[in-house]
Amino acid sequence: MPPRPWSPESWRDLPARQQPVYPDPHALGRDLEKVRSYPPIVAPGETEGLKRRLAEAARGRAFVLQGGNCAERFLDCNAGSIANQLKILLQMSVILTYGARRPVIRVGRIAGQYAKPRSEDSEVVDGITLPTYRGDAVNAIDSELRGRTPDPSRLLSCYFHSVATLNHVRALIESGFADLRRPYNWNLQSIQRGRNWDEYRTVVDRILDAIHFMESFGGVRPEALGKADFYTSHEGLLLGYEEALTRHDPVSGRWYNTGTHMPWIGVRTRQLDGAHVEYFRGIANPIGIKIDAKSTPGELLGLLEVLNPADEEGKITFITRMGAHRVEEALAPLVRAVVESGRPVGWSCDPMHGNSVTLANGRKTRDFSVILDELTRTFRIHREQRSRLCGVHFELTPDDVTECVGGSTVVTNEDLERRYETYCDPRLNDSQSLEMAFLIARLMQGEADA
Ligand code: PEP
Ligand code: CO
């Protein structure tokens with residue numbers, strides 16, 4: 001059977017989950033029309049560049065670090081927050097490069113991660129039933145019905161906050177912010193308080209030695225140390241908005257989502273016969289697909305057939321988020337089936353979303369050691385299945401928040417009351433993020449020796 005024709009709006013004929021209900025559909029149409037008239041945020045050439053690099057990662061020649069907020073907030077669209085977010089990802093990527101002995105591809109959950117899927121449509125706050133918060137692109141987090149009502153003008157704000165954020169990221173990178181030789185990139189105060197600092201300091205010293213050694217040899221072009229590639233990603237959830245930023249590229253004749261380099265499909269919207277998969281099958285971007293323990297081998301093969309029938313390399317990244325206690329039984333059969341199919345796939349691990357727990361006081365948290373446990377097991381399972389884990393995916397922040405417990409600077413359950421700021425899921429803080437990078441570097445060196 002020939003495939004059904006695709007267009008940026010063909011998803012509209014299928015059931016779309018997780019879409020906000022707007023009280024005024026005309027206002028929605030008008031605002032989406034405005035987004036449609038605005039310029040693209042990213043260019044197809046950059047997006048193709050990322051796809052090529054992801055293909056290298058899947059072949060073991062690079063490693064992917066994807067990370068950022070669970071829910072980006074409009075109020076964090078300022079110079080300091082953006083620079084710090086970039087800085088933590090750069091620092092982690094250098095540590096990972098050291099561990100992986102491969103270049104690291106940096107992909108932020110940034111410049112568009114403003115929409116959230118939710119398990120419940122409503123919640124009771126102070127005795128009033130309110131629509132749940134679905135991200136700054138949809139509604140406000142405050143506890144009033146007015147703010148919680150989905151407002152389409154927020155899609156315009158979503159566009160402009162994405163543009164402003166990416167503009168600042170680009171300016172920082174162009175002006176040498178990513179230069180590894182600059183000492184401010186190695187301001188590691190937060191983790192220096194931790195009990196494992198001596199071990200990590202040895203790694204930092206070795207990295208700095210290596211940089212100086214290469215420089216003294218003149219074997220490295222200055223631009224290789226001074227510039228860094230950086231890509232954006234967000235969950236492609238609000239299909240009207242994604243459609244409005246989907247543009248035809250006259251050079252290649254293909255359609256691109258120009259709102260981000262790498263959109264991903266979340267676990268709640270990856271139905272083979274659903275609107276999200278329909279939308280994603282027509283765009284040329286590299287795409288992520290979140291995979292949980294409910295996924296079956298047949299489903300993964302079905303997704304590959306629909307979303308990448310031509311077996312383009314670098315196109316699909318399966319981002320697994322099983323939960324540490326389920327990963328052994330859940331992941332191996334999926335990896336085996338994909339390996340046997342011979343289809344090209346990149347595998348990344350999101351060790352955050354399968355490991356959330358809600359404490360008695362209602363706080364949602366994640367334990368550093370459980371996160372590391374899922375990662376450790378995932379590396380091993382891929383090795384046993386003759387596959388390769390080629391990336392990691394984190395929810396993290398450069399701020400000193402107390403949202404995830406554990407780590408060598410030790411955040412306890414009691415500390416969660418101190419600085420719990422996320423609008424959605426708990427994130428690793430600055431020292432936990434750096435420590436995680438050191439531990440993954442160590443894991444990867446063990447892999448290389450195995
Ligand atoms: C997320 O990445 O914030 C998210 C909602 O993930 P998942 O779709 O894996 O639950
Ligand atoms: Co999340």
Side-chain angles (χ1 to χ4, degrees), residues 16-20 64-73 76 85 89 107-121 132-138 141 158 232-239 242 260 262-271 274-277 279-280 287-295 299-300 303 307 316-324 326-327 330-331 334 347-358 363-367 370-371 374-375 378 391-397 401 403-404 420-429 432-433 436:
R17 298 204 185 173
Q18 296 286 342
Q19 304 304 292
V64 185
L65 169 65
Q66 189 175 13
N69 283 293
C70 178
E72 250 181 312
R73 313 185 297 185
D76 291 324
Q85 187 80 34
L89 289 170
V107 184
R109 289 174 60 116
I110 198 168
Q113 178 51 20
Y114 292 113
K116 297 307 301 170
R118 302 311 298 260
S119 305
E120 306 294 333
D121 284 336
T132 40
Y133 171 68
R134 287 183 175 272
D136 279 5
V138 176
I141 200 158
C158 172
T232 62
S233 68
H234 67 248
E235 179 169 350
L237 185 72
L238 303 175
L239 290 174
E242 303 299 339
T260 189
M262 183 187 186
W264 78 82
I265 308 178
V267 289
R268 293 168 187 78
T269 50
R270 58 148 206 262
Q271 300 75 27
H276 288 79
V277 170
Y279 167 75
F280 273 79
I287 62 184
I289 309 172
K290 292 287 201 91
I291 299 297
D292 66 357
K294 294 197 203 93
S295 313
E299 185 191 358
L300 263 57
L303 287 165
L307 294 167
I316 305 282
T317 303
F318 281 138
I319 306 167
T320 64
R321 33 86 92 214
M322 302 298 181
R326 284 189 228 98
V327 66
L331 183 59
L334 301 177
W347 293 96
S348 174
C349 175
D350 162 3
M352 311 296 288
H353 285 88
N355 296 312
S356 310
V357 289
T358 305
R363 281 282 187 228
K364 192 168 165 186
T365 189
R366 293 157 170 166
D367 188 318
V370 178
I371 294 168
E374 177 162 351
L375 272 173
T378 301
V392 287
H393 182 120
F394 289 105
E395 288 184 340
L396 55 83
T397 169
V401 300
E403 297 171 5
C404 290
Y420 195 98
E421 295 180 1
T422 181
Y423 276 10
C424 199
D425 290 336
R427 305 158 294 174
L428 297 177
N429 65 20
Q432 289 168 329
S433 302
M436 190 59 77

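Counting begins at 1 with the first residue of the sequence. Each ligand, and each atom within it, is numbered from 1 in the order the structure gives. When reading the values below, keep in mind they use all heavy atoms of this one structure, side chains included, and skip hydrogens, waters and symmetry mates.
Sorted by chain and number, the protein atoms of type N, O or S within less than 2.8 Å of the Co ion (ligand 2) are Cys70 SG, His353 NE2, Glu395 OE2, Asp425 OD2.
Close approach of ligand 1 to Glu395 is summarised as follows: ligand atoms under 4.0 Å from at least one heavy atom of the residue are 1 (C), 2 (O), 3 (O). Atoms of ligand 1 lying under 4.0 Å from at least one heavy atom of Arg109, given by number and element, are 1 (C), 2 (O), 3 (O). Of all atoms in ligand 1, listed by their number and element, those nearer than 4.0 Å to a heavy atom of Gly266 are 8 (O). If you number the atoms of ligand 1 from 1 as listed, the ones under 4.0 Å from a heavy atom of Cys70 come out as 3 (O).
Distances between N or O atoms of Gln113 and those of ligand 1 include no value under 3.5 Å.
Salt bridge annotation for Lys294-Glu299: absent, with no cationic side-chain nitrogen under 4.0 angstrom from a carboxylate oxygen. Using a 4.0 Å cut-off between charged side-chain N and carboxylate O, Asp136 and Lys116 make no salt bridge. Glu235 and Lys290 are not joined by a salt bridge, as no carboxylate oxygen comes within less than 4.0 angstrom of a charged side-chain nitrogen.
Closest to atom 3 (O) of ligand 1, if we only count protein heavy atoms, is Lys116 NZ, 2.7 Å. Regarding atom 9 (O) of ligand 1, its nearest protein heavy-atom neighbour is Arg321 NE, 2.7 Å. Of all protein heavy atoms, the one lying nearest to atom 8 (O) of ligand 1 is Val267 N, 2.9 Å. Closest protein heavy atom to atom 7 (P) of ligand 1: Lys290 NZ, 3.5 Å. His353 NE2, 3.0 Å is the protein heavy atom nearest to atom 1 (C) of ligand 1.
Counting non-hydrogen atoms of other residues, nucleotides and ligands closer than 6.0 Å to CZ of Arg17 gives a total of 12 or fewer.
The two residues Arg73 and Glu421 have their closest heavy-atom pair at NH1-O, 3.2 Å.
The part of Pro117 lying near ligand 1 is the side chain, judged by heavy-atom distances below 4.0 Å.
Under the 3.5 Å distance criterion, with hydrogens and angles disregarded, no donor-acceptor pair is assigned to the side chains of Arg427 and Gln432. For the residue pair Gln66 / Ser348, no side-chain donor-acceptor distance below 3.5 Å is found, with atom types taken as modelled. Between the side chains of Arg321 and His393, not a single donor N or O lies within less than 3.5 Å of an accepting N or O.
The one candidate from Glu403, Glu395, Glu374 that meets the salt bridge (charged side-chain N to carboxylate O under 4.0 Å, His left out) condition with Arg366 is Glu395.
Ile371 has its side chain within reach of Leu428: a pair of non-hydrogen atoms, C-beta onward, lies under 4.5 Å apart. Residues Pro351 and Phe394 are in side-chain contact: their nearest non-hydrogen atoms beyond the backbone lie under 4.5 Å apart.
Note on ring orientation: taking the six-membered ring where Trp is involved, the planes of Phe318 and Trp347 are tilted (angle from 30° to 60°).
For Met352, the heavy-atom gap to ligand 1 stays at 4.0 angstrom or more.
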